[in-house]
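Below is one structure; the comments refer to it alone.
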Amino acid sequence: MELTPRLETIAQQVPQGSILADVGTDHALLPVWLLLEGRISNAIASDLREGPLSRAKETVEQHGVADQVSLRLCDGLSGIQAGEADVVAIAGMGGETIAAILEQAPWTKEDTLLLLQPMTSFPDLRKWLLDHGYTVEKETICREGSRMYTILTVRGGEDAPMTAAELWVGRNRPQPLRREYLAMMEGKVRRALEGQRASVNPDQPTVAHLEEVLNGLESMKKELEV
Ligand SMILES: C[S@@+](CC[C@H](N)C(=O)[O-])C[C@H]1O[C@@H](n2cnc3c(N)ncnc32)[C@H](O)[C@@H]1O
C-alpha cells in the first residue's frame, strides 16, 4: 500500500506508538498505512458520511487490521472522547471546518498532537488556533503533482501573535519547499489583489490587507536569501 506524498508527509509526523484518530478518514488510508508500518498500535477512523466510512471499512478489512481500527460515524470529534487518542489528524478539509471541529472538542488542547492539513482558509484557521489557545509548533510543506500543501503540527498552548503575512503562509522557518511555497502563495495574493483593483467598487480594507500581506511575503523571501 502506498500513500500519496500529502498523506505520507502527515504520516511522517505521527510519533511511534501513538493512538491516532483520523477525522474525515474517507478511505482510511492514513491509519491503515501507519498500522501496517507498525508505527501506531490502534486507530479510530471517523467520518461524517456513511459512504466514506464504508470505504474505510473495506480498506481496513482488505488489509486485515479490523481489530485495531474503531470505525465511527460522527461529525468531527463528537464521537471521540478525551483520552481515546493522543494524535488527531484532520486533513483534506476547509480551514473553517477544521476550526469548527476543534471548537467542539476543547479537550484537544490537553496532551494531544494535532496534525491539520487545510485545503482553504489558511489565514482564518491560523488566527482561530492562536485566538483559542493553540500553538503552531511546526509547518511542513509538501508537493503533490502541481499542488502544494502545508501540514500544521499543533498543540495546546499560547503562541505569539502572527503578522498578516504569517497568517497566510505560517512563520518563515526555512525548509526545502519554503521558497516555492511563498512564490505560489504570492501569486494567489496578487490575483486576489488584482481582482479587487479591477472591480468597480474595490473594498479598501481588503486591498490594504492584501498589500500588507504582499509586503510581508516580500520580506520573507528576502530573509530566506540571507
Ligand atoms: C477530501 S476527504 C479527505 C480524506 C482524507 N482525510 C485525506 O486527507 O485524504 C474529506 C472527508 O472529510 C469528511 N468530512 C467532512 N466534514 C466532516 C466533519 N465535519 N466530520 C467528519 N468528517 C467530515 C468527508 O465526508 C470526506 O470523507
Side-chain angles (χ1 to χ4, degrees), residues 1-15 18-37 39-40 42-63 65 68-82 84-109 112-122 124-126 128-129 132 134 136 138-154 170 177 181:
M1 175 180 188
E2 273 201 30
L3 290 182
T4 59
R6 177 181 62 85
L7 287 177
E8 198 184 334
T9 307
I10 300 171
Q12 282 162 2
Q13 319 299 318
V14 177
S18 310
I19 300 176
L20 171 79
D22 185 29
V23 176
T25 195
D26 199 356
H27 291 81
L29 296 175
L30 178 66
V32 171
W33 186 88
L34 286 163
L35 283 164
L36 295 176
E37 290 289 308
R39 181 83 70 88
I40 61 172
N42 288 88
I44 299 165
S46 74
D47 207 286
L48 180 62
R49 296 183 295 124
E50 281 180 18
L53 204 66
S54 66
R55 290 197 283 274
K57 189 165 185 276
E58 274 171 33
T59 311
V60 161
E61 285 172 356
Q62 188 190 342
H63 291 278
V65 292
Q68 290 162 281
V69 184
S70 170
L71 296 166
R72 309 216 182 147
L73 184 65
C74 59
D75 185 354
L77 286 155
S78 61
I80 301 169
Q81 308 302 314
E84 282 197 284
D86 39 35
V87 181
V88 172
I90 314 178
M93 285 182 219
E96 281 158 7
T97 305
I98 295 175
I101 289 172
L102 294 176
E103 179 117 57
Q104 299 304 316
W107 58 263
T108 53
K109 276 184 241 178
T112 309
L113 174 66
L114 297 170
L115 300 172
L116 311 177
Q117 185 265 303
M119 301 297 288
T120 57
S121 307
F122 315 101
D124 299 325
L125 177 61
R126 290 190 185 91
W128 187 90
L129 291 167
H132 290 80
Y134 292 90
V136 182
K138 188 170 89 162
E139 298 210 17
T140 312
I141 299 162
C142 69
R143 191 212 317 266
E144 187 169 301
S146 60
R147 297 196 67 165
M148 298 185 88
Y149 302 93
T150 184
I151 291 116
L152 283 66
T153 302
V154 173
L177 291 170
Y181 185 73

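This one's a predicted model, so the numbers in the text were calculated from it and none came from an experiment. For reference, positions follow the sequence shown, starting with 1. Every number for a ligand or one of its atoms is a count from 1 in the order of the listing.
When the heavy atoms of Ile10, Leu48, Asp47 are ranked by distance to atom 24 (C) of ligand 1, first place goes to Asp47.
For the pairing with Arg72, the side-chain contact (heavy atoms from CB on, under 4.5 Å) check across Asp47, Leu77, Val23, Ile80 returns one residue only, Ile80.
Arg6 contributes no side-chain N or O that, together with a main-chain N or O of Arg147, makes up a donor-acceptor pair within less than 3.5 Å. Between the side chain of Gln117 and the backbone N or O of Gly92, at least one donor-acceptor pair lies under 3.5 Å. A donor-acceptor contact shorter than 3.5 Å links the side chain of Asp86 to the backbone of Ile19.
By the 3.5 Å distance cut-off applied to N or O atoms, Asp75 is counted among the residues near ligand 1. Among the atoms of Arg49, some N or O lies under 3.5 angstrom from an N or O of ligand 1. At least one N or O atom of Gly76 sits closer than 3.5 Å to an N or O atom of ligand 1. Between Val23 and ligand 1, no pair of N/O atoms sits closer than 3.5 Å.
Here the heavy atom of the protein found nearest to atom 11 (C) of ligand 1 is Gly24 O, 3.6 Å. Protein heavy atom in closest approach to atom 15 (C) of ligand 1: Met93 SD, 4.0 Å. The nearest heavy-atom contact from the protein to atom 3 (C) of ligand 1 is Ala91 O, 3.7 Å.
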TODO: List the steps and the verdict of side-chain contact (heavy atoms from CB on, under 4.5 Å) for Val154 and Leu102.
DONE: CA-CA 12 Å; Val154 173; Leu102 294 176; over 6 Å; no
Task: Residues Ile98, Ile101; criterion side-chain contact (heavy atoms from CB on, under 4.5 Å); working and verdict - done: CA-CA 5 Å; Ile98 295 175; Ile101 289 172; 5.6 Å; no
- [ ] Under the side-chain contact (heavy atoms from CB on, under 4.5 Å) rule, what do Leu34 and Asp22 come out as? Steps first, then yes or no, please.
- [x] CA-CA 11 Å; Leu34 286 163; Asp22 185 29; over 6 Å; no
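Rounding to the nearest 0.5 angstrom, the gap separating the OH atom in Tyr149 from the CE atom in Met119 is 4.5 Å.
When each atom of ligand 1 is checked for a heavy atom of Gly92 under 4.0 Å away, the hits are 1 (C), 8 (O), 10 (C).
Using a 4.0 Å cut-off between heavy atoms, Pro52 contacts ligand 1 through its side chain alone, with no backbone atom that close. When non-hydrogen atoms are compared, ligand 1 lies under 4.0 Å from the side chain of Arg6 (C-beta onward) but not from its backbone.
Residue Cys74 places a heavy atom less than 4.0 Å from ligand 1.
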